[in-house]
Amino acid sequence: MSEVAQDVTEEEIDLAGANAVIDKYLDMKGALMPVLQAIQEHYGYIPEPTVHLVAERLNVYASQIYGVLTFYAQFHLEPRGKYIVRVCMGTACHVKGAGRIAETLTERLGIGHAETTEDLKFTAEYVACIGACGMAPVIMVNDATYGSLTVQKMDEVIQKYQAMD
Ligand code: FES
C-alpha cells in the first residue's frame with residue numbers, strides 16, 4: 001500500500017504521551033476518566049487523534065468518549081491559551097460593569113467567550129460568580145484574582161500578561 005493511501009489524521013500529534021498515559025492505566029477498572037484527565041494534562045486539551053487511540057486501546061467506542069468529553073466541562077477539545085482569563089458575569093459583577101470588562105478583553109485581544117488567541121497565549125471564559133463579589137467586577141487569570149476593575153485596570157492586567165512569556 002502506498003503511503004498516500006494510508007489513513008492520515010489531519011491533526012499532527014505526537015501520540016507517545018497518550019500511549020504512555022494509557023500504558024499506566026490500562027489494567028485499571030474505570031480507566032477512562034483518569035486517562036482522559038492525564039491526556040488533557042499532558043497536551044493541555046484532548047486532541048482528536050488521542051480520542052481514537054483511547055477508544056482502540058481501552059476498547060470503548062469513540063462516541064462514548066465524546067459523550068464523556070462533552071458532559072464534563074473540565075475537558076477541552078480545542079487547544080487553550082497559556083493564560084485563562086475568566087471574566088465573572090455573576091450578578092454583582094454584572095451590576096458593576098462586567099460587560100464593559102469583557103468588551104475590553106475583546107477589544108484588546110480579539111477574543112470572546114471560549115475563544116483563544118492565535119498565539120495560544122490567552123483564552124477567555126465568561127463564568128458565573130467566583131465568590132469574590134465584594135471586589136466586583138472581578139476576573140481571574142489562571143489562579144490570580146483581580147478585583148474592583150475599571151477599564152484602565154483591566155488594560156494594565158492584560159498588558160502585564162502580554163509582557164510575560
Ligand atoms: S458575582 Fe462576580 S464574584 Fe460574585
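When atom types are taken as modelled, the side chain of Thr70 and the backbone of Tyr66 share a donor-acceptor pair closer than 3.5 angstrom.
The pair Glu103-Arg100 meets the salt-bridge criterion, with a side-chain N (NZ, NE, NH1 or NH2) lying under 4.0 Å from an Asp/Glu carboxylate O.
Within the 4.5 Å cutoff, the side chain of Tyr146 has heavy atoms near those of the Lys160 side chain. With contacts defined as side-chain heavy-atom distances shorter than 4.5 Å, the pair Thr91/His94 does not qualify. Glu48 places none of its side-chain heavy atoms less than 4.5 Å from the side chain of Leu77. Looking only at side-chain heavy atoms (C-beta outward), Ile111 and Thr116 stay at 4.5 Å or farther from each other.
Separating the CG atom in Asp155 from the OG1 atom in Thr104 is a distance of 6.5 Å, to the nearest 0.5 Å. Going from atom CD1 of Ile65 over to atom OG1 of Thr50 covers 8.0 Å, rounded to the nearest 0.5 Å. Put simply, OG1 on Thr145 and CD1 on Ile130 are 5.5 Å apart, with the number rounded to the nearest 0.5 Å. Atoms CD and CG, on Glu156 and Leu149 in that order, are 10.0 Å from each other to the nearest 0.5 Å. Separating the CG atom in Leu15 from the CD1 atom in Ile22 is a distance of 8.5 Å, to the nearest 0.5 Å. Atoms CD and CG, on Glu118 and Leu120 in that order, are 9.0 Å from each other to the nearest 0.5 Å.
Judged as a side-chain contact (heavy atoms from CB on, under 4.5 Å), and not counting sequence neighbours, the contacts of Thr106 are Tyr126. Lys121 pairs by the side-chain contact (heavy atoms from CB on, under 4.5 Å) definition with Tyr83, Thr117, Asp119, not counting sequence neighbours. Scanning for salt bridge (charged side-chain N to carboxylate O under 4.0 Å, His left out) contacts around Glu115 gives an empty result, with sequence neighbours left out.
One hydrophobic cluster holds both Leu26 and Val51 under the rule that ILVMFWY side chains link at heavy-atom gaps under 4.5 Å. The cluster map of Ile, Leu, Val, Met, Phe, Trp and Tyr, joined by side-chain heavy atoms under 4.5 Å apart, puts Ile158 and Tyr161 in the same cluster. Under the 4.5 Å side-chain heavy-atom criterion for ILVMFWY residues, no single connected hydrophobic cluster contains both Tyr61 and Leu69. In this structure, Tyr72 is a member of the same hydrophobic cluster as Val21, with clusters built from ILVMFWY side-chain heavy atoms closer than 4.5 Å. Val127 and Met135 fall within a single hydrophobic cluster, where Ile, Leu, Val, Met, Phe, Trp and Tyr side chains are chained together by heavy-atom contacts under 4.5 Å.
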Please table the atom pairs, donor to acceptor, closer than 3.5 Å between any side-chain atom in residues 52-59 and protein atoms at least two apart or in another chain.
{"unit_1": "Arg57", "atom_1": "NH1", "unit_2": "Asn19", "atom_2": "O", "d": "3.4"}
{"unit_1": "Arg57", "atom_1": "NH1", "unit_2": "Asn19", "atom_2": "OD1", "d": "2.9"}
{"unit_1": "Arg57", "atom_1": "NH1", "unit_2": "Asp23", "atom_2": "OD1", "d": "3.1"}
{"unit_1": "Arg57", "atom_1": "NH2", "unit_2": "Asp23", "atom_2": "OD1", "d": "2.7"}

In a table with atom names and distances, give each donor-acceptor pair under 3.5 Å that connects a side chain of residues 30-44 to protein atoms at least two apart or in another chain.
{"unit_1": "Gln37", "atom_1": "NE2", "unit_2": "Gln74", "atom_2": "OE1", "d": "3.3"}
{"unit_1": "Gln40", "atom_1": "OE1", "unit_2": "His76", "atom_2": "N", "d": "2.8"}
{"unit_1": "Gln40", "atom_1": "NE2", "unit_2": "Gln74", "atom_2": "O", "d": "2.6"}
{"unit_1": "Tyr43", "atom_1": "OH", "unit_2": "Asp14", "atom_2": "O", "d": "2.6"}
{"unit_1": "Tyr43", "atom_1": "OH", "unit_2": "Ala18", "atom_2": "N", "d": "3.1"}

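Residues Val138 and Ala132 come closest through the heavy atom pair CG2-O, 3.5 Å. Nearest heavy atom pair, residue Phe122 against residue Val85, reads CD2-CG2, 3.9 Å. Val87 approaches Ala98 most closely through the heavy-atom pair CG1-O, 4.2 Å. The heavy-atom pair separating Cys93 from Pro137 by the smallest distance is SG-CA, 3.7 Å.
Legend: salt bridge (Lys or Arg N to Asp or Glu O under 4.0 Å) pairs involving residues 75-97, not counting sequence neighbours, sorted by first then second residue: Arg80-Glu125, Arg86-Glu125.
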So Arg108 and Val151, side-chain contact (heavy atoms from CB on, under 4.5 Å) or not? Walk me through it. CA-CA 11 Å; Arg108 305 300 185 264; Val151 168; 4.1 Å; yes
